[in-house]
Amino acid sequence: MSKEYNPKEIESKWQQYWQENNIYQVENQSDKSKYYVLDMFPYPSGAGLHVGHPLGYIATDIFSRYKKMQGFNVLHPMGFDSFGLPAEQYAIETGQHPAITTENNIKTFKNQLSKIGFNYDKNTEIQTSSATYYRWTQWIFGQLFNAYFDKKTQKAEDIDTLIDAFEKNGNQNIDAACDENTPIFSASDWKNKSETEQQEILLYYRLAFIAEATVNWCPALGMVLANDEVKDGLSERGGHPVERKKMKQWMMRITAYADRLLDNLENLDWSDAVKEMQRNWIGKSIGCEIDFNLTPLPPVHLERGNIQTSNQSVYYPNLFTTEPEKWKYLKELARNHRKNSTEAENILWQELRNQKLGFKIRRQHAIEDFIVDFVSLEKKLVIEVDGEYHNEKEQKEYDNFRTWTLQNTSFNEIRFTNDEVLNDLNNVLEKIKNRLKNNNSEITIPSPNGEGAGGKVQKLTAFTTRIDTIFGVSYLVLAPEHEVISSLTTTEQKNEVEKYVTWAKNRSELERQSEVKNVSGVFTGSYAINPFNQEKIPIWIADYVLAGYGTGVVMGVPSSDERDFRFAKHFNLPIRLVIEGTENMENPTEKKYGKMINSEFLNGLDTKEAIQKAIQFVENQEIGQSKVNFRLRDAAFSRQRYWGEPMPIYYKNGMPYLVDESDLPLQLPEITEYKPTADGEPPLARAKNWTYKGYPLETTTMPGWAGSSWYFLRYMDSQNQNTFASKQATDYWNQVDLYVGGTEHAVGHLLYSRFWTNFLADRGFISFQEPFKKMINQGMIQGQSALMYRLKNQNTFISWNLRTNYKEEELQELHVDVNIVENNILNIELFKKWRSENENATFLLEDDKFMCGSQVEKMSKRWYNVVNPDDVIEKYSADTLRLYEMFLGPLEQYKPWSMQGIDGCHKFLKRLWRLFYDNEGNLQISNEEPTPAELKALHKCIKGVREDLDRYSFNTPVSKFMILATELIELKCYKKSILEKFLGVLVPYTPHICEELWQNALGYQSSIYHTEFPTFEEKYLTESEYSYPIQINGKMRGNVTFSLDLSKEEIEKMVVENELVQKYLEGNVPKKVIVVPKKIINVVV
RNA sequence: UGUGAAGUAGACCAGUUGGUUAGGUCGUCAGUCUCAGAAACUGAAUGUCGCGGGUUCGAGUCCUGCUUUCACUUCCA
């Protein structure tokens, strides 16, 4: 019987053979070292696979075969993330149970996979929607419900520990991750609470908890989405608009793990891109919260003067800054003060009097209840000189009270110590001058504090990471949603503010994000006081401030923040430079770090020092504290859906309780319709008797990421009935050694599964914190669409290169099915059949062919560029498909699918076949001893392939196989000892053909899969002689052969004497001779 | 805006710590086979390694500046 390479016959044969012999079966206990390879959990969609899907599976299949042949016990399972939206949507539309659709889809999926030659241990397969699986998803949920996070130990602990602590000491000494509004209570408070009240408190601490939260509600999908499921204000799935809505929700306290999730990234062998995305998503920023007091409305009785400024008349208090009644008493006091003034006061007075600084300064002047040292009534600046006693606590309080009062009267205050005046008078005068110049009292509009919300708002707290720039603050901005807005808006500004807030609130998330560059905002009319220099700064509202981040209040520092800069420019607010070197810059925000200037006690410090010193000041003054902020929010866990895991929760007096472990799984009930109920309840509300022990059960289900957050653990021990996976199994298999999948899960699945794994480790169920040690993100395979032109309104198609003969508006560009185009040449017959209207079309040809154009875009049905792997296998073979997908390029890279190269791979397999069988199909294997040249070619290949695979380079071995085949053909080498090693390195890539040749051509009785991966031996690559390339001045001039036994010096000597070298030397003596053994010789003239 | 990746023949990719005349596949061309074509087989040609500087005996590889492309990200104070 003659033997041809007939893939159809051999491929199905061996697929069956492997299956029957169960050669992929995994032992769960072994003395061998383990290796765990995993593909990202597929969702079995109904659409079937296209050629891009198996890319990662082929790579992992190759890698697990490689590892197995190296003697590892390899776990490489496959299963299905089978809860999900498409099946449910289909159920809503057709009434068919999602379980049935899902089952069918999985069947198709598995069928397609097995055709490619993948084989998985059947016993390990899991499906998230089967009760034997989700029973444990529910159990883990229960563990999360019964746990809280201790911040001191940075670990999750049993909730009972917390209850014990409450009973003994209340919660004063507890440092745990909890709700912001958790009240403080004592042990007796706790004991006096009812059970319901106690449960309510516990919800503030549980890692799985219910809370009123603003969620992303998608009305079209009828469900709540997690932050990572929303893109640009639209749902990731389906692209429906998403709105913010307050709802009671199950949540996961992932924020408790923010620090751990961030720190652990360090040790993961993942791409920098994904790590960076996770870092950004967690968004840790270390900063400082700082209070800004508001300037209140001056008491009415002070308004007795009238000062004419440039163009308007504003009321201000004049000389008489206290009431006549008070003045009677204060007059005496003031006189005494003048008589007994300190040395410092006297020295300063000499410099201030007679308008020496350009303004009239008064001495010992009474304001309200106080007598101030010096004052400029015109600029409303009070100058105080403090004696020693000002450092005492009581005096400090008194001073603060006075400062407050002065601010009430719209006076500003500048204060110096005796020492400063005595030792550094010039500096003091400089500061006073500056303040007199800058104190812009003319525009002062007093804050309405005392009106509106009853004057309760006395301060605003801002969050900043750059407290060092505090002296550059020229305004405050609030988010439009901020609740204090109404109480601090002045009557004059009320209309404008209301208009703006309404406008800003009605803008969709999408608009807000896409119009980043548009500056908008409105002034509230109120002012706050910079606690560092008592300066008065206006308070604005702008939508570039997000209510959900920090405190919703930003201190505007136009000189060092891009957005603040734009804002200040737009609204003409002052820009104060605080960093050295920004003085002459058009945009000072381009230099963000450096030495501080114009910043009083921070001057001269660099950014880091200044931040520390400023935080110290803030904390000493008790006007704020250093604070760490995260962008990460707690994750919404409820879905108003049917096709998901039911929560093992029932309600007693409105409080959630866990279903007993022994009653798990809580089975998904059968219902007749999968839509929400008429009054908006989730579909589970339709279920009959949806109760537990007479209490109502939770009606929302778990999100898609619940099941996929721990599936890699179940694979380790998928049949276990007693636990989610035995400790023995998880200890043995440990982390996933190689995880392959797309980048689209960068912040969703990959963050949640890290969270759950960390949690399970904390609770002692497993002994490692991180699920995936090494990850490779495969690039997408893009489609290559075929394009053609048709004359508008005519049934005439134009071959591609003839299009230039027509005007653009005469032509219509169309996509054509790529499966009927080969090498850009259209198969006209098939095209006519493709669409009935093409039957009678006219074709204008070039060189008797109809050419198409091509374009790379996403592989999608819409563009008719989907290539189905089944078709490729039908036309070529599964081995060809596997080889070619790897050959396309590096795994991580995005690359277009093109049929152009696939021929080459197919030809390679045919050439391989011909090494075993001659043209007539006769076996031509010989048992001769191999020659050194043959061994060298083989071992060069083995070495290369091993090195490539060890660094996860899957495309490069392919070309090494091709080179070896070509070399062996050239050498006419049909020797068994060489060819069997060749099959050994090749079998992970093309298992079918290799198994066939192994058993039927070479005559082995058992599977090639059980052989060892060929090892490389250095001795075949080393030679006794080496033909050295000779360079003269770095240029190649020829080759000279030397024995490898010669020393460098000997070679040097011989090189110079060499004819060839002599020719180029032209009688000169070489300056230098470089000999690199086994590499090169370079002669420098 | 930031982060990451990448520019090597007509196309898609290799090129490991600097070291031979930069490789593989497709395509192109020629030959064998054929009445002819397709297929198959055999062979050949094809490169300013994005641009400019630098380091070195020697640079596709290291450093630096510029430039182009792609992916993800994007008001986080």
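Just so you know, these numbers come straight off a predicted model, no measurement behind them. Numbered from 1 within each chain, the chains take letters A, B, ... in sequence-line order.
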Suppose we call two aromatic rings close when their centres sit under 6.0 Å apart. Are A/Y475 and A/F567 close by that rule?
yes
Could you tell me how far apart A/D468 (CG) and B/rA77 (C1') are, to the nearest whole angstrom?
13 Å
Would you please name every residue forming a side chain to side chain contact (heavy atoms under 4.5 Å, CB included) with A/E892, sequence neighbours left out?
A/I776, A/P890
Using a cut-off of 4.0 Å on non-hydrogen atoms, how would the nucleic acid contact of A/L888 be classed: base, sugar-phosphate, or nothing?
sugar-phosphate
5′-ward residue of the pair A/N1082/A/D272 relative to RNA chain B
A/D272
Could you measure between the two P atoms, the one in B/rG53 and the one in B/rA59, and give it in whole Å?
14 Å
Centroid separation A/Y884 to A/W897 less than 6.0 Å
yes
Using atom C1' in both nucleotides, what's the gap between B/rA6 and B/rC49 to the nearest angstrom?
14 Å
Flag yes if more than 12 heavy atoms outside A/K627 fall under 6.0 Å of its NZ atom; otherwise flag no.
no
For A/L909 and B/rC26, give me the distance from atom CG to atom C1', rounded to whole Å.
16 Å
Measure the distance from OH on A/Y1028 to C1' on B/rG58 and round it to the nearest whole Å.
16 Å
Distance between C1' atoms of B/rC13 and B/rG27 (Å, rounded)
15 Å
Donor-acceptor side-chain pairing of A/D918 and A/Y974 below 3.5 angstrom
no
To the nearest angstrom, the CZ-P distance between A/R911 and B/rG24 comes to 11 Å
Strictly by Watson-Crick or wobble contacts shorter than 3.5 Å, is anything paired with B/rC72, and which nucleotide is it?
B/rG2
A/K907 side-chain N/O to B/rC26 phosphate OP1/OP2 under 4.0 Å
yes
Atom-pair distance (NZ on A/K1072; P on B/rG58), nearest Å
9 Å
Check for me whether the distance between the ring centres of A/F471 and A/F532 falls short of 6.0 Å.
yes
Using the P atom on both, measure B/rC66 against B/rU1 and round to a whole Å.
15 Å
Please state how far atom CZ in A/R631 lies from atom C1' in B/rC75, giving the value in whole angstrom units.
11 Å
Distance between the C1' atoms of B/rG15 and B/rU55, in whole angstroms?
22 Å
Separation of atom CD1 in A/I776 from atom C1' in B/rA5, rounded to whole Å
15 Å
Under 4.0 angstrom, heavy atoms only, what part of the nucleic acid is A/V1076 near: base, sugar-phosphate, or nothing?
base
Do any side-chain nitrogens or oxygens of A/R563 fall under 4.0 Å of OP1 or OP2 in B/rC76?
yes
Strictly below 4.0 Å: does A/S285 bring a side-chain N or O up to OP1 or OP2 of B/rA77?
yes
On RNA chain B, compare the nucleotides closest to A/S959 and A/D564; which residue's is nearer the 5' end?
A/S959
Taking atom C1' in both B/rA44 and B/rG4, what distance in whole Å separates the two?
42 Å
Expressed as a whole number of angstroms, how long is the span from A/Q893:CD to B/rC72:P?
15 Å
Determine the Euclidean distance between corresponding P atoms of B/rA22 and B/rU61; express it in Å to zero decimal places.
15 Å
Quantified in whole Å, what is the C1' atom distance between nucleotide B/rC41 and nucleotide B/rU34?
13 Å
Given that both distances must come in under 3.5 Å, which nucleotide forms a Watson-Crick or G-U wobble pair with B/rC57?
B/rG19
